[in-house]
Amino acid sequence: MSIGEPQHRPPALVAEVLAANTSSWGKYPPANGPAELRQAVADWAGRRYDLPQGLIDPEKAILPVAGTREALYLIAQTVCGDREGQRPLVLMPNPFYQVYAGAAVMAGAEPVFVPGANGPASQPDFSTLPADLLDRTALAYVCSPANPQGSVADAALLERQVRTARDHGFVLAVDECYSEIWDKVPPPGVLKTCAALGEGLANVLMFNSLSKRSSVPGLRSGVVVGDERVIHAFARLRSYGGAATPLPIAAAAAALWRDEAHVTESNDLYRAKLDVAERVLGGRFGFYRPPGGFFLWLDVGDGEAAAVKLWQEGNIRVLPGAYLAAEDSEEGNPGSRFIRVALVHDLAGTEAALTRLASILGG
Ligand SMILES: Cc1ncc(COP(=O)(O)O)c(C=O)c1O
């Protein structure tokens with residue numbers, strides 16, 4: 001339960017479409033993906049967020065990528081030029097998905113870890129940061145629903161984040177990889193914010209992936225949608241140093257973005273696991289049902305000690321929260337009290353593991 005690697009059965013259509021497209025293994029794929037895949041993503045986003053016609057030009061505003069991890073990394077290489085002679089800053093939440101920090105450092109920028117506006121399980125609000133810091137910012141990552149806490153940025157917060165990026169001229173990279181795994185209501189998305197604010201997709205990039213939505217982390221298929229100028233520069237960088245999506249995989253990806261039945265089925269299974277988690281852990285370890293994603297973020301006092309104990313005594317592997325966060329000078333490490341538990345296995349296995357976890361950690 002330490003890695004967020006979806007284990008639900010992949011939809012049968014993946015194998016069918018791959019088999020029907022074997023002849024295209026003999027072709028080099030285009031760096032910006034086939035038009036069919038870009039159109040399938042545009043149609044999905046239009047349906048999912050009720051977007052106005054014309055907001056997304058599938059030719060210019062969509063870039064298929066080989067999973068969003070590489071894209072979240074490479075975007076920093078694309079946009080982190082110096083800011084008026086100063087080393088650029090990259091804003092990110094704390095706790096955070098580790099790739100954001102690696103991306104910032106390897107691009108020669110300085111990572112700035114921004115705590116949650118309402119405690120360690122909440123989203124940061126970049127609009128509250130000092131103007132001189134925002135002027136030095138080249139890139140800011142938002143993760144909603146968040147890995148690891150499952151928190152969701154509401155529409156008002158997304159609007160503030162987009163306005164701040166536009167006012168200070170930086171790129172807002174919104175990682176929505178978990179947007180299709182939700183408990184009670186579908187999380188709002190930044191593309192809808194753009195539609196509401198006007199000015200097209202300026203300064204905004206949305207990252208999404210089939211890894212979580214369709215339980216195919218091995219397919220390595222994700223997408224970036226957003227500001228055409230940034231997408232253009234990004235596509236150029238990727239045409240030299242990125243992996244293009246093979247055509248049979250692109251065909252399977254297009255079919256997945258066009259199908260919602262498998263997403264609903266998978267979501268129901270995640271909800272059933274949350275029901276089990278609530279029954280077994282409710283009232284202990286600061287348990288709450290994450291509004292999005294499939295992680296439990298449990299307050300166990302000392303996350304590292306708890307992870308070792310669970311591994312030694314229960315054969316259960318979880319991730320210490322401190323490994324997903326950075327030291328903050330005032331608060332220490334905001335993840336240190338927590339463990340992250342990925343609910344990616346089947347229902348019976350999840351129930352058995354959570355029951356064992358509760359008995360080992362007491363609480
Ligand atoms: C927050 C977040 N973003 C992005 C990714 C990358 O997913 P992929 O590269 O499979 O699209 C992950 C994977 O765990 C994640 O947790």
Side-chain angles (χ1 to χ4, degrees), residues 1-8 10 14 33 37 41 44 62-76 90-104 111 113 116 121 123-124 139-153 172-182 187 189-190 205-226 234 238 242-245 249-250 252-253 256-257 263 266 270 290-297 317-319 321 323-326 335 338 340-345:
M1 302 172 115
S2 62
I3 301 178
E5 186 180 64
Q7 297 296 304
H8 296 177
V14 173
L37 173 54
V41 172
W44 167 80
I62 298 186
L63 191 60
V65 290
T68 45
R69 182 177 49 203
E70 67 121 24
L72 289 160
Y73 174 82
L74 280 181
I75 192 60
V90 175
L91 312 181
M92 63 196 72
N94 194 19
F96 57 94
Y97 176 54
Q98 287 293 340
V99 171
Y100 311 152
F113 303 102
Q123 294 271 331
L139 173 67
Y141 290 103
V142 167
C143 189
S144 177
N147 172 7
Q149 317 97 311
S151 63
V152 166
L172 188 72
V174 187
D175 180 352
E176 297 185 357
C177 283
Y178 294 94
S179 69
E180 303 316 286
I181 300 171
W182 44 270
V190 77
L205 295 177
M206 187 282 285
F207 294 71
N208 213 319
S209 171
L210 292 172
S211 301
K212 325 290 175 185
R213 178 184 184 275
S214 302
S215 307
V216 286
L219 199 68
R220 307 312 302 132
S221 183
V223 70
V224 187
V225 182
F234 195 18
R238 290 191 76 262
T245 303
I249 290 180
L256 289 172
W257 286 112
V263 183
S266 178
Y270 283 119
F294 48 57
F295 296 114
L296 301 180
W297 184 239
R317 222 189 287 181
V318 300
L319 201 62
Y323 298 4
L324 294 157
F338 296 85
R340 191 193 74 176
V341 184
L343 302 183
V344 288
H345 298 286

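Just follow the structure's listing: the first ligand is 1, and inside any ligand the first atom is 1.
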Quick one: ligand 1 N/O to protein N/O pairs below 3.5 Å?
residue, atom, partner, partner atom, Å
ligand 1, 3 (N), Asp175, OD1, 3.4
ligand 1, 3 (N), Asp175, OD2, 2.6
ligand 1, 7 (O), Thr68, OG1, 3.4
ligand 1, 9 (O), Thr68, N, 3.2
ligand 1, 9 (O), Arg69, N, 2.9
ligand 1, 9 (O), Arg220, NH2, 2.7
ligand 1, 10 (O), Ser211, OG, 2.6
ligand 1, 10 (O), Arg220, NH1, 2.9
ligand 1, 11 (O), Thr68, N, 2.8
ligand 1, 11 (O), Thr68, OG1, 2.6
ligand 1, 11 (O), Ser209, OG, 2.7
ligand 1, 14 (O), Lys212, NZ, 2.8
ligand 1, 16 (O), Asn147, ND2, 2.8
ligand 1, 16 (O), Tyr178, OH, 2.7

Side-chain donor-acceptor contacts of residues 63-71 below 3.5 Å, not counting sequence neighbours, with atom names and distances?
residue, atom, partner, partner atom, Å
Glu70, OE2, Ala66, N, 3.3
Glu70, OE2, Arg238, NE, 3.1
Glu70, OE2, Arg238, NH2, 2.8

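Less than 6.0 angstrom separates the ring centroid of Phe113 from the ring centroid of Phe96. With ring centers used as reference points, Tyr178 lies under 6.0 Å from Phe295.
Ring geometry for Trp257 against Trp44 counts as tilted: the plane angle lies between 30° and 60°, on a 0 to 90° scale.
Qualifying salt bridge (charged side-chain N to carboxylate O under 4.0 Å, His left out) partners for Glu180, counting only residues two or more places apart in sequence or in other chains: Arg48. Considering only residues two or more places apart in sequence or on other chains, Ser209 meets the side chain to side chain donor-acceptor pair (under 3.5 Å) condition with Ser211.
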